[in-house]
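One structure is given below, encoded as structure tokens.
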Amino acid sequence: MTTIVDIAVNNEGFSTLVAAVTAASLVEALQSPGPFTVFAPNDAAFAKLPDGTITTLVQNIPQLSRILTYHVVSGRYTKEDLIGIKSLTSLEGSQIDLDISEQGFEANNATVIAADIEADNGIVHVIDTVMLMRPHWFYPIMESGKVGILKD
Amino acid sequence: MEKGELKAKMPKLFHHLYHDRINMEFAEECMRAMLWHEGMGGELEPYMNSAEYCQNADRAIRAFFKNNPVMLGLYKLFPEMFLEQCRQSTMTSVLGLFWEIMAPVFFEMSDIYDEGGFKGVPDAMDFLVNGIFAIAGRPIYHRVNIGNEWFDIVPKSKGFTWLYEAAFPYVEAVFYRTSPFRGTKSYNAQANEVPTDQNDFHYGILYADKFPVGSAGIPPTLLHQDMYHFLPQYLVDYYKQFCRGEDDTLIQLAVSFQRSMFNVTSAVIQAGRAAFLYPLDDPNPKHLLANRHYFEGQLNRFCNPKYGMDKATRLGMVQNQDYR
């Protein structure tokens, strides 16, 4: 059986993710029947984070697991399943915003660069940016920005 | 205290009577603001209202008053009151951790400045944004030692992080909101001088009027008094050259402090943009539009005309005869 972990291990460009998942002891969970949908940041995505971000997280395992579980959703969702869906709730508990259009498939501020990689226990979508949880105040700020300058 | 205002060795009481002491009132105000303004994001606040937290706190409270039957009796009668005290001490601990983690970034920044490493404000901003990322994942927790036993009131294993559970709520509560203070100005809630919506509170340092500094009851006054104790010589000399010299050092200090807080707020806004949105040089126009909405939304926080917030940070608009 090919699990989500096998896909990450057997493909190039996921060494940071594999190392992080191993450090956070999430390997077993991601080998379980699931099913899961994983937004998997590639090495280039991790490299985009400013220096020290990953080092700090690897030294603080519960915090690292939190960021990693934010990239996992319970259930098997292909790109097609997600068309028309605005957001998913991650295992971490916060929502992941989705934007699927003709221009592409985006999750939060990450772009999916390879969608629908099938594993026996789920689906992997490769993303180009590590997603960080958007706090709830982020949304009213964006809304207020869309309206423009406030009037009395 | 030998480093303090008097710069002399004498009994602590004399330092105290001369107000040569660290006041900490502002730190307390920060803690209260963070506790009182709920719903500022992060998982800490829901956790502090969970059954798990109450259990942890309960164990600590019982251990703390192990030999004090009166307090234990009171605890039985008024458990919520004790839990609230525990929440306050959790918040104080969170603030302590926040600064323990943040301070080295500022110290390093100060060293780089001393060595002439920053060419201008943008360099310092970049440094801060990267610094915020580097420490973002540091743990936030509350651990106390009572009778040689450690109690995890908020355990590290909850995965609470510096950025989400401390920094963002701190900026929101302290820089923007805090609470109306009694002092030179009285607020009339019936006349809508105090916002009905807590989200609109704007008594933070970013909106502070620096001129009444020195009067009683204005929280930043005490903060600046505290900072005054440890002012480096070059700043003392610098302030002596301007305005009224030594006479209004506190006000000049307040002005510098407020400006530096605007820098920190800018860095936090930039860090938020980097974390949740897109790089400034992103080629996709849709992404740039999202960045713009975020930026305009943040700016809107400074220009809500309903409470005169659009004028709040403009001195000329505030310093009129009616203000006090």
Side-chain angles (χ1 to χ4, degrees), chain A residues 20 23-25 48-70 91-97 99 101-104 106-111 128-152, chain B residues 39-43 46 101 126 129-141 155-165 168-169 172 199 269 271-279 282 284 286-287 289-301 303-307 309-310:
Chain A
S25 315
K48 276 203 274 184
L49 290 169
D51 289 347
T53 316
I54 292 298
T55 323
T56 310
L57 284 170
V58 172
Q59 288 162 354
N60 298 288
I61 296 304
Q63 285 68 23
L64 175 67
S65 329
R66 189 169 159 201
I67 300 283
L68 291 175
T69 49
Y70 181 58
L91 289 188
E92 189 269 337
S94 310
Q95 71 177 57
I96 301 171
D97 301 316
D99 181 11
S101 64
E102 279 169 19
Q103 281 115 38
E106 294 185 4
N108 275 11
N109 56 344
T111 302
D128 69 341
T129 306
V130 177
M131 297 190 292
L132 296 166
M133 294 81 83
R134 289 172 165 175
H136 67 77
W137 51 256
F138 174 79
Y139 301 97
I141 290 269
M142 292 301 278
E143 280 311 306
S144 143
K146 280 177 197 160
V147 176
I149 298 297
L150 295 172
K151 298 256 157 55
D152 199 2
Chain B
M40 293 181 301
E43 298 295 317
I101 296 166
D126 282 346
V129 172
N130 288 332
I132 288 172
F133 265 91
I135 56 178
R138 293 278 295 275
I140 289 293
Y141 54 93
K156 267 188 193 176
S157 60
K158 296 309 292 180
F160 294 161
T161 60
W162 180 86
L163 185 69
Y164 286 98
E165 274 70 36
F168 281 138
E172 180 66 29
N199 288 314
I269 292 174
R273 193 262 311 147
F276 313 132
L277 292 162
Y278 308 96
D282 195 301
N284 185 339
K286 212 166 135 188
H287 293 175
L289 183 64
N291 276 353
R292 193 190 169 96
H293 286 154
Y294 173 75
F295 176 63
E296 286 193 14
Q298 294 283 3
L299 282 193
N300 276 347
R301 307 214 52 193
C303 44
N304 187 344
K306 212 153 132 196
Y307 310 110
M309 266 159 79
D310 52 334

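Quick note on labels: first sequence line is chain A, next is B, and so on, each numbered from 1.
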If I take atom CG from residue B/L299 and atom OH from residue B/Y294, how far apart are they, to the nearest 0.5 angstrom?
11.0 Å
Among the listed options B/N199, B/I135, B/L277, the residue most often paired with chain A at heavy-atom distances under 4.5 Å
B/L277
Considering only heavy atoms from C-beta outward, does the side chain of A/Q103 approach that of B/N284 to under 4.5 Å?
no
Return the minimal non-hydrogen interatomic distance between A/W137 and A/P140, and the atom names on each side.
O-CD, 3.3 Å
With a 4.5 angstrom heavy-atom cut-off, could you sort out which part of A/L49 is near chain B: side chain, backbone, both or neither?
side chain
Nearest heavy-atom approach of A/Y70 to A/L132 is CE2-C, 3.6 Å
Mind checking salt bridge (Lys or Arg N to Asp or Glu O under 4.0 Å) for A/R134 and listing every partner two or more places apart, or none if nothing turns up?
A/D97
Under 4.5 Å from any heavy atom of chain A, what part of B/A136 do you find: side chain, backbone, both or neither?
neither
Sort B/F295 into side chain, backbone, both or neither according to what part of it lies under 4.5 angstrom from a heavy atom of chain A.
neither
Could you state the interatomic distance from CZ (B/R301) to CD (B/E296), rounded to the nearest 0.5 Å?
15.5 Å
Looking only at heavy atoms, which of residues 56-63 of chain A get nearer than 4.5 Å to chain B?
A/T56, A/L57, A/N60, A/P62, A/Q63
Proximal component of A/M133, with respect to chain B [non-hydrogen, under 4.5 Å]
both
Which atoms of B/F276 come close to chain A, meaning under 4.5 Å heavy atom to heavy atom: side chain ones, backbone ones, both, or neither?
both
Partner set under side chain to side chain donor-acceptor pair (under 3.5 Å) for A/T111, not counting sequence neighbours:
none
Would you mind listing every salt bridge (Lys or Arg N to Asp or Glu O under 4.0 Å) that reaches into residues 52-69 of chain A, with sequence neighbours excluded?
A/R66-A/E92, A/R66-B/E165
B/A274 versus chain A, the contacting section by heavy-atom distance below 4.5 Å
backbone
What's the separation between atom CG in B/L163 and atom CZ in B/F133, rounded to the nearest 0.5 Å?
7.5 Å
Which portion of A/T69 sits near chain B, non-hydrogen atoms under 4.5 angstrom:
neither
Just by modelled atom types, is the B/A275 backbone N or O under 3.5 Å from a matching donor or acceptor in the A/N109 side chain?
yes
